[in-house]
Amino acid sequence: MRYIVYILSLAGIVLLADQAYVRLGLYHDDIKTCNAELLYQLDSLKNTATVLYFGESSNFTAAGQDSSKHSISEILAEMHPEQSIRGISKGAIHASTFKALINRIDAPSTVKTVIVTMNLRSFGINWIESELETNLSRAEILYSNYPPVLKKFLLTFKAYDNTPLFKRNDIIRSHYKGDKFKLSNQEFTSVYEWDKQMYDKGLPDAHGNKDPEKTNIACHFIKNYAFVIDENNPRVRDFDAIVALCREKNLNLIFHVLPENHERAVELCGTDLDELMRQNVTFLKNRYGKASFFISNYDLLPDSVFIDREWPTEHYSFSGRYSVARRISESLISQTKTRL
Amino acid sequence: MAFLFIRAQQVFFNTIQYLVFLPVVLLLYYVTIPRYRWAVLFIASCVFYMYFIPKYILCLFFLIIVDYVLALKIDAAERPPRKKLFLILSLVSNFGLLFYFKYLGFFTETLNTVLLDFFGKHISVSNEVLPIGLSFHTFQSVSYVVDVYKGKQKPEKHLGIYSTYVLFFPQMVAGPIERFSTLGHELKKTASFSFGFVKKALPLFLIGLFYKAVIADNCGEYVNQTYASLSSQHSLNVLIAVVFFSIQIYSDFFGYSLMAQASAQLFGIRLVDNFAFPFFSRNIIGFWKKWHISLTSWFRDYVYIPLGGNRGTFLKYAFNIALIFSLSGLWHGAGINFILWGFLHALCYILTLLMMKQLGLRLPAILGYVTTFILVAFIFVFFRSGSISESIAIFQQILLPADGASFLPVSIMLCVNLLILFFIELLAHKQLSYSTFLSKNPRPANTVLFLYLLFAILVFSGVDNLPFIYFQF
């Protein structure tokens, strides 16, 4: 009898805690602290939008001189007034976040189609072990469908990937050395070798001297794109899970590979890097081409539309965002014809 | 249930991994025949340690072997110079490793300032990550060898027991710094499982978690937020942050110590009390009898008393006090700010001694508590800051408010929980430990307390990823 009273008391406390956590506004505070506001965005859109566009900063980042600051998802919405297309995006998020968010779209929902961004760079170890990862992983607890008190419990007990930064850097370094690839024109087999040679030798400026800035960018390109995607890549596992989730929830799925600055990659690092990146796109196409509507925009854009010049990013000027939106729009139309 | 499969890189008391790790080890411990239970604890401790940086276990194994062998040699040696030689060898190994990991960077940086000024050259700075708990287990190992040297302790012949004494996971990374005479004895006991252990351990763990998750982490969020943009902060924010940091570090470390005690208790092993409600001290002397007791007693037994303690002139006595407090500061971190933190405590200690002995001045209890808290809080500024200049900036910010700075509000729920904690400590402090307090408390009162603690942990705990502060030492 005594134990029954104990168990009932405990259950009572947990239920009370669940109510208090939400009603005292602490759940809302935690959502803010953990930068998980996408939760509100998704919860408000899943019952109004028909198409949800999931992306990272490539969706909304605009150049200062852009004629329009509209995001890719907004341009897409303008192209399809008959649909209610809304974007859910935040800087640095990736497949794991998309997966957690899509998991929240439960019936009844107005959402019929999800468009999911595939950023090649996000498959690389630099992004996988980014210093932002701990916070992103923490926010995913809040995106889950667990009761608020369980989310709080999981946050309190750090039930997320909270690998310290020095360890992440160690992991990155070991992948730079350990992950092997084969290039057609050069003998390097790892990021470490290629990056070291690039750094030591450097790229020449107009006068034939070593250009430190150009060399630096070339090293960044190598570190961010020189890898081979395989089925063990954590992003691949997440995209696999997204495919399964969309099937389960009966959602149309469009994957679109973001345009990369392939021209600059060739200019800085030679055709080898471009080849490696194309191989990765092919891998993704082979893996997801049948399970989803797959769009590859890899070489859609010229160097001139890429905004950031000191770091490889997928940030485009308005014309770039417009082109991406147009390609997705074409796919959306074709998908509507074939599936809806 | 994906959270059960997350990558675990650190298994600390307030992680989901520990909630799985501890019951598994417990189960293995009690199903193993008593003679080999040390092996379960030894392996579990290695696993616990290796989650952080696996290769560092080799440093620990090296020290374990060195100290184990040298302690046996000291005992076997007949001539005192030989005993001394083995002792010195052990001290050099222990402190050498500590110096390499913890102080070499600081030492070379300081040396570089001189080298750059005079010779225009510099030495590359070591930036090795500090093995967790290095200062703690170094002091623990040293205490064992010195005790054997002094004849206070027979050397342990069982390498497994000795290794487990150094590695015992509940206290390896942040103490309490145990003596072999107590923990070694406890490890040899082979108690059968008793629900009494759980009954004693769970409340302690819950209280410890309340200190850490509800008090320390929430105070820490405020402190971090304030210190991150110090120059634009309202002076009141900085003042609150100064007060909150002393509450944070106390709750963080006391919480850890309670959870360590609770974890050990589940194996029927008792660890020493590391805190005895230090903020209920009338003066700084009382404070140091109740704060980080295992470290203070280590310095007392192995540095202060060999130096002569309070014998001799007052000047000699004061010098000894200043020395051990400064060393204690240095033990905490390689930085002038830590040494100054220790030295300021020494200064307050000596002044209090003078006031009490020469003037016969004793403050009334409440005034004493308040004065001690204020002193400790302000001296902690040096502990929290990265440098002396940052500490000065904090004091300047309190005295010379920034223009247009807005007030950063303190959460009402944090204030409520601080008030509740204050009342709990007010009731408990005369018993000097929570174990005694809980055992004397009526059962319904304990039940209400535990239910509240559980509720508070589920509702009010901080969500920022703040590791235990003392793990860095």
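Just so we're on the same page: letters track the sequence lines, and every chain starts at 1.
- Of the possible donor and acceptor atoms, one in the side chain of A/Lys167 sits under 3.5 Å from a partner among the backbone N and O of B/Phe52.
- Put simply, CD1 on B/Ile16 and CG on A/Asn162 are 11.5 Å apart, with the number rounded to the nearest 0.5 Å.
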Point to revise | Stepwise side chain to side chain contact (heavy atoms under 4.5 Å, CB included) check, A/Phe157 with B/Thr15 | key: CA-CA 4 Å; A/Phe157 283 93; B/Thr15 60; 5.7 Å; no
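- Interface remark: A/Leu26 contributes side-chain atoms only to the contact with chain B (heavy atom separation under 4.5 Å).
- No other option in B/Leu454, B/Leu19, B/Ile412 has as many heavy-atom pairs under 4.5 Å with chain A as B/Leu19.
- Inter-residue side-chain proximity for A/Phe153 and B/Leu458 is flagged as met; some heavy-atom pair is nearer than 4.5 Å.
- More than 12 heavy-atom neighbours from other residues, nucleotides or ligands sit within 6.0 angstrom of OH on A/Tyr40.
- At a 4.5 Å heavy-atom cutoff, the contact between A/Val14 and chain B is made by backbone and side-chain atoms alike.
- Here the CG-OH distance, from B/Leu451 to A/Tyr6, works out to 10.0 Å after rounding to the nearest 0.5 Å.
- For A/Tyr192, the OH atom sits in a loose shell: 12 or fewer heavy atoms of surrounding residues, nucleotides or ligands are nearer than 6.0 Å.
- Ranked by non-hydrogen atom pairs under 4.5 Å with chain B, the options A/Ala20, A/Cys34, A/Gly12, A/Ala17 are led by A/Ala17.
- A salt bridge links B/Asp464 with A/Arg138: the distance from a Lys NZ or Arg NE/NH1/NH2 to an Asp or Glu carboxylate oxygen falls below 4.0 Å.
- Around NZ of A/Lys46, the count of heavy atoms belonging to other residues, nucleotides or ligands within 6.0 Å exceeds 12.
- Atom CD of A/Gln19 has more than 12 neighbouring heavy atoms from other residues, nucleotides or ligands inside a 6.0 Å radius.
- Within 6.0 Å of CG in A/Asn232 there are more than 12 heavy atoms belonging to other residues, nucleotides or ligands.
- Among B/Leu209, B/Ile457, B/Thr447, B/Asp217, the residue with the largest count of heavy-atom pairs under 4.5 Å with chain A is B/Leu209.
- Within 6.0 Å of NZ on A/Lys249 lie more than 12 heavy atoms contributed by other residues, nucleotides or ligands.
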Exercise for review: Could you go through the side chain to side chain contact (heavy atoms under 4.5 Å, CB included) check for B/Tyr452 and A/Ile13 one step at a time?
Suggested key: CA-CA 8 Å; B/Tyr452 178 73; A/Ile13 285 293; over 6 Å; no
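- Both the backbone and the side chain of B/Phe460 come within less than 4.5 Å of a heavy atom of chain A.
- For the pair A/Lys152 (side chain) and B/Ser461 (backbone), a donor-acceptor distance under 3.5 Å is present.
- Counting non-hydrogen atoms of neighbouring residues, nucleotides and ligands closer than 6.0 angstrom, the NZ atom of A/Lys180 exceeds 12 such neighbours.
- Residue contact with chain B, scored on non-hydrogen atoms closer than 4.5 Å, is absent for A/Ser144.
- The structure places CD1 of B/Ile53 at 7.0 Å from CG of A/Asp170, a figure rounded to the nearest 0.5 Å.
- Remark: B/Asn465 CG to A/Thr134 OG1 distance equals 6.5 Å, nearest 0.5 Å.
- Here the straight-line distance linking atom OG1 of A/Thr33 with atom CD of B/Gln225 works out to 8.0 Å at 0.5 Å rounding.
- Heavy-atom neighbours of A/Lys210 NZ from other residues, nucleotides or ligands within 6.0 Å: above the threshold of 12.
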